[in-house]
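All remarks here apply to the structure that follows.
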Amino acid sequence: MEQPNTDPLAPRQRRLLVTGARGQLGVALQEAFADEDVLALGHADWDVALPAPELPPLDLILHTAAWTDVDGAEADPQGAAAVNVGGTANVAALAVPLVSFSSDYVFDGRKARPYVESDSPNPLSAYGRSKLGSEAVAGADAWIVRSSWLFAETGHNFVRTMLRLGNERDEVAVVDDQRGSPTYVGHLAAATRELVEADRPRGVWHLAAAGDCTWAEFAEAIFEAAGVECHVRRISTAEFGRPAPRPAYSVLRSERAEAPELPHWRGGLAACLARLL
Ligand SMILES: NC(=O)c1ccc[n+]([C@@H]2O[C@H](COP(=O)([O-])OP(=O)(O)OC[C@H]3O[C@@H](n4cnc5c(N)ncnc54)[C@H](OP(=O)(O)O)[C@@H]3O)[C@@H](O)[C@H]2O)c1
């Protein structure tokens, strides 16, 4: 008689849930964990502001679903909080080990050296406050991964916007008085996997690309690497005039001895463009 091809004594494959699965980080995490049993739920599958639908037993949740419209959050802070704080509380209520993603915008940017995990947050914007609120409700069994200036070959991000504008115009005006670490989602997803696999202690972890730059410097690097002829006119945050205040300086580094290290942002840009162009 034919034997069943599953060994009942073999360890069960780990089952992961990715929330916000159609977002840029959600897509990258599915790729980084592709050899596992991944349940990928997009916004239409589970609006995290509502309690969870019926789910199979889970071993790990990678929670990326978030209100990420920083300026829109100023106009609707309660809407942003419902998703970012209420949504994270709904995810934490599942009582499954959790990676919850947070942001450099929890800091006010008044520091002149990289922010480490023990620095005090002081968000300037409604979005930043909602992400800090999400950290508070993620629970004791969560890794809270703060990252910054995410970009990818998919979704809405600065790299894709610059490539579009650079091909349409001779010049773009870009802010030159905000400094951060642009982080490629593929590198963040790999570092997240490293954190989980090594079963590092729960709590806050800063995982961002090495190196730092201003948005204008990043735009110039994008045009140079992509061979796009477009001049970057450096402007101030005040000239750009956005509703939400942003930290002038939000470079993240980890003070934890065993933190996964991410490549330099220029390496992230090269990896992204290699898949995009
Ligand atoms: N982007 C950055 O620069 C940055 C920097 C630091 C930290 N982070 C954090 O990193 C995480 C991932 O960000 P990302 O850049 O991948 O964002 P993203 O591309 O905007 O993806 C977020 C996803 O969440 C979904 N979503 C929004 N509201 C939802 C809801 N109520 N229920 C379920 N899903 C919902 C969105 O779906 P729809 O588009 O259909 O609404 C989208 O697919 C977030 O926690 C973000 O705060 C981002």
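Atoms within a ligand are numbered from 1 in the order they appear, just like the ligands themselves. In this chain, numbering begins with 1 at the start of the sequence shown.
Classification of D35 and R193 as a salt-bridged pair holds, one side-chain N sitting under 4.0 Å from a carboxylate O. D212 has a carboxylate O that lies under 4.0 Å from a charged side-chain N of R179, or vice versa, which qualifies the two as a salt bridge. Ion pair K131/D104 not flagged as a salt bridge, since none of the NZ, NE, NH1 or NH2 atoms sits closer than 4.0 Å to an Asp/Glu carboxylate oxygen. With respect to R202 and D141, a salt bridge is recorded, a charged nitrogen being found less than 4.0 Å from a carboxylate O.
Considering each of H156, H43, K131, Q24, the one bringing a non-hydrogen atom nearest atom 37 (O) of ligand 1 is H43. Of the candidates A65, A66, G20, G42, the one placing a heavy atom closest to atom 27 (C) of ligand 1 is A66. The option from V70, T68, L29, T19 that lies nearest to atom 20 (O) of ligand 1, judged by heavy atoms, is T68. Summarising the contacts of atom 9 (C) of ligand 1 with Y127, F158, F151, the nearest heavy atom is found in Y127.
Nearest protein neighbour of atom 31 (N) of ligand 1, counting heavy atoms only, is D47 OD1, 2.8 Å. Looking at atom 6 (C) of ligand 1, its nearest protein heavy atom turns out to be S147 O, 3.1 Å. Scanning the protein heavy atoms around atom 11 (C) of ligand 1, the nearest turns out to be T64 O, 3.7 Å. Ranking the protein heavy atoms by distance from atom 21 (O) of ligand 1 puts G23 CA, 3.3 Å first. With hydrogens left out, the protein atom closest to atom 32 (N) of ligand 1 is V48 N, 2.9 Å, a heavy atom. Scanning all protein heavy atoms for the shortest distance to atom 16 (O) of ligand 1 gives L25 N, 2.9 Å. Looking at atom 48 (C) of ligand 1, its nearest protein heavy atom turns out to be L150 CD1, 3.6 Å. W46 O, 3.1 Å is the protein heavy atom nearest to atom 33 (C) of ligand 1.
The side-chain tip of K111 does not point at the ring of F107 from less than 6.0 angstrom away and within 45° of straight on. Relative to the ring axis of W205, R146 does not place its NZ or CZ within 45° and under 6.0 Å from the centre.
When non-hydrogen atoms are compared, ligand 1 lies under 4.0 Å from neither the backbone nor the side chain of Y105. When heavy-atom distances to ligand 1 are checked against a 4.0 Å cut-off, S102 comes that close only through its backbone atoms N, CA, C and O. Only side-chain heavy atoms of V83 come within less than 4.0 Å of ligand 1; its backbone N, CA, C and O stay farther off.
For residues 220-257, no pair satisfies ring pair (Phe, Tyr, Trp, His ring centres under 6.0 Å), with sequence neighbours left out.
The only option from W265, F218, F158 that meets the ring pair (Phe, Tyr, Trp, His ring centres under 6.0 Å) definition with F151 turns out to be F218.
Atom 43 (O) of ligand 1 is flagged as protein-proximal [any protein heavy atom, distance under 4.0 Å].
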| task | Could you please spell out the steps behind the salt bridge (Lys or Arg N to Asp or Glu O under 4.0 Å) verdict for D176 and R234? | result | CA-CA 5 Å; D176 194 36; R234 295 173 178 236; 3.1 Å; yes
| task | Check the pair L25, F101 against side chain to side chain contact (heavy atoms under 4.5 Å, CB included), reporting the backbone distance first and the verdict last. | result | CA-CA 10 Å; L25 180 57; F101 290 91; 3.6 Å; yes
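Remark: ligand 1 atoms within the under-4.0 Å shell around heavy atoms of W149 are 3 (O), 5 (C). Near S103, with a cut-off below 4.0 Å to any heavy atom, the atoms of ligand 1 are 6 (C), 7 (C). Those atoms of ligand 1 with a heavy atom of R22 less than 4.0 angstrom away are 43 (O).
Looking at W215 and W149, their side chains come closer than 4.5 Å, going by heavy atoms from C-beta outward. In this structure, the side chains of V185 and V27 stay at 4.5 Å or more apart for every pair of heavy atoms.
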